[in-house]
Visitor: 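Before we start, here is the structure in question, set down as structure tokens.
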Amino acid sequence: MSTIPTVSIASQPKKKVTTRTFLQKKTRHEPITVLTAYDYPTALALDRAGIDAILVGDSLGMVVLGYQNTLPVTMEDMLHHCKAVSRGAETALLIGDMPFMSYQVSVSEAVRNAGRFLQEAGMDAVKLEGGRERLESVQAIVAAGIPVMGHLGLTPQSVHLLGGFRPQGRNAAAARRLIEDAHLLEDAGCFSIVLESMPSRLATMISEQLSIPTIGIGAGPGCDGQVLVTHDLLGLFQRFTPGFVKQYANIYQVMETAFAGYIEEVKQRSFPAAEHTTEMPDAEWEAFIQDNGNHKG
Ligand code: KIV
């Protein structure tokens with residue numbers, strides 16, 4: 001069995017990324033890097049690789065828990081995974097995704113649930129989906145001292161309303177509504193907005209008009225930063241891959257090959273080998289056998 005290759009990351013001590021860093025990066029035209037994580041080892045690897053922010057997305061419902069969409073994900077699911085991520089990351093800005101029905105029912109529920117992400121799960125900020133219909137909640141959460149990231153365009157929690165996972169803002173009226181929503185979210189106090197699956201030139205225009213950074217996913221290169229679902233980037237989610245994803249690895253294949261190797265070696269009795277096994281000195285073994293014989297009925 002060959003040894004597993006390791007890549008050494010040139011790690012220089014990094015300062016904790018904050019919402020202020022996001023704004024500074026936009027001002028300096030430095031792209032902001034964001035990826036999702038749902039567990040400790042992924043958070044550790046992302047943090048050490050130098051990611052700016054980790055989003056504990058409710059996409060965990062699909063890529064980790066195996067649901068068809070994000071709607072069944074609960075607050076308890078999110079907090080559980082956020083806690084694991086916060087144990088792995090030191091410098092990245094940590095953003096917890098508010099799940100379906102945790103912020104839509106009332107403003108007070110939205111504030112209470114947003115608070116749990118910071119108080120119980122070690123997050124630095126929360127994300128929620130929607131535009132003009134969410135302004136009151138965004139304002140109240142921000143007023144409670146909790147940074148909010150907005151999310152416009154393809155908002156997966158509205159998959160049924162949108163008629164499927166499809167690009168948004170592709171006609172003049174829809175584009176106008178999205179640009180208005182982006183301004184309203186900025187005015188309500190969002191520190192950043194995810195723009196998902198919308199025409200590239202629309203996302204560029206929104207990014208140019210706002211003073212807060214936009215983070216694109218399927219929205220072209222004109223956004224101030226980019227985010228992907230890590231399982232898509234790693235080739236770990238097999239059910240489907242959106243067209244805007246670039247796969248940087250095929251980890252699912254690596255896993256399948258490793259599992260098949262293990263199964264084969266156990267069947268062949270070539271694993272465990274001597275180096276995976278512990279032994280005791282012969283004299284001790286002899287004493288044990290003798291003692292054992294003496295104790296037999
Ligand atoms: O849940 C998620 O991972 C997200 C990103 C796709 C932006 O919302």
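Read the numbers this way: they start at 1 and go in the same order the structure lists the ligands and their atoms.
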Visitor: G57 heavy atoms, cut-off 4.0 Å: which ligand 1 atoms fall inside?
Guide: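 Here the atoms of ligand 1 in question are 1 (O), 2 (C), 3 (O).
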Visitor: So which heavy atom in the protein is nearest atom 3 (O) of ligand 1, and how far is it from that ligand atom?
Guide: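 Residue, atom and distance for the closest contact: S59 OG, 2.5 Å.
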Visitor: If you count the atoms of ligand 1 from 1 in the order shown, which ones are under 4.0 Å from a heavy atom of D58?
Guide: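 Contacts of ligand 1 toward D58, numbered from 1: 1 (O).
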Visitor: Of the side chain and backbone of L55, name the one, both, or neither that has a heavy atom under 4.0 Å from an atom of ligand 1.
Guide: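 The part of L55 near ligand 1 is the side chain, not the backbone.
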Visitor: Might you point out which heavy atoms bring A140 and V107 nearest each other, and give the distance in Å?
Guide: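 The answer is CB-CG1, 3.4 Å.
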Visitor: Which of parallel (below 30°), tilted (30 to 60°) and perpendicular (above 60°) describes W285 and F288?
Guide: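 Plane angle between 30° and 60°, so tilted.
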Visitor: Given the rule in the side chain to side chain donor-acceptor pair (under 3.5 Å) test, do S207 and T204 qualify, once you have shown the distances and angles that lead to the verdict?
Guide: CA-CA 5 Å; S207 307; T204 303; 5.9 Å; no
Visitor: Within ligand 1, which atoms have a heavy atom of I217 less than 4.0 Å away?
Guide: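 Those of ligand 1 that fall under 4.0 Å from I217 are 6 (C).
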Visitor: K246 vs D232, test: salt bridge (Lys or Arg N to Asp or Glu O under 4.0 Å). Steps then yes/no.
Guide: CA-CA 8 Å; K246 178 170 175 183; D232 289 335; over 6 Å; no
Visitor: Tell me, which protein residue and heavy-atom name are nearest atom 8 (O) of ligand 1, and how many Å apart are they?
Guide: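 Protein heavy atom at minimum distance: K127 NZ, 3.1 Å.
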Visitor: Is the contact between D97 and ligand 1 made by the side chain, the backbone, both, or neither, using heavy atoms and a 4.0 Å cut-off?
Guide: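 Near ligand 1, D97 shows its side chain, while the N, CA, C and O stay back.
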Visitor: Output the list of atoms in ligand 1 that are nearer than 4.0 Å to some heavy atom of H151, sorted by atom number.
Guide: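 Answer for ligand 1: 8 (O).
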Visitor: At a non-hydrogen distance cut-off of under 4.0 Å, which region of T36 contacts ligand 1 (side chain, backbone, both, or neither)?
Guide: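 It is the side chain that gets close, since no backbone atom is under 4.0 Å.
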Visitor: So, the side chain of Q157 versus the backbone of M98: is there a donor-acceptor pair under 3.5 Å, distance only?
Guide: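 Yes; at least one donor-acceptor contact below 3.5 Å.
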Visitor: When you measure from the side chain of S270 to the backbone N and O of V266, does any donor-acceptor pair fall under 3.5 Å?
Guide: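 Checked: no pair found.
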Visitor: Taking a cutoff of less than 4.0 Å between a non-hydrogen atom of the residue and any ligand atom, is E129 in contact with ligand 1?
Guide: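 No, E129 has no heavy atom closer than 4.0 Å to ligand 1.
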Visitor: When you measure from the side chain of E196 to the backbone N and O of G218, does any donor-acceptor pair fall under 3.5 Å?
Guide: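 Not at all, since once roles are kept as given, no pair shorter than 3.5 Å links the two residues.
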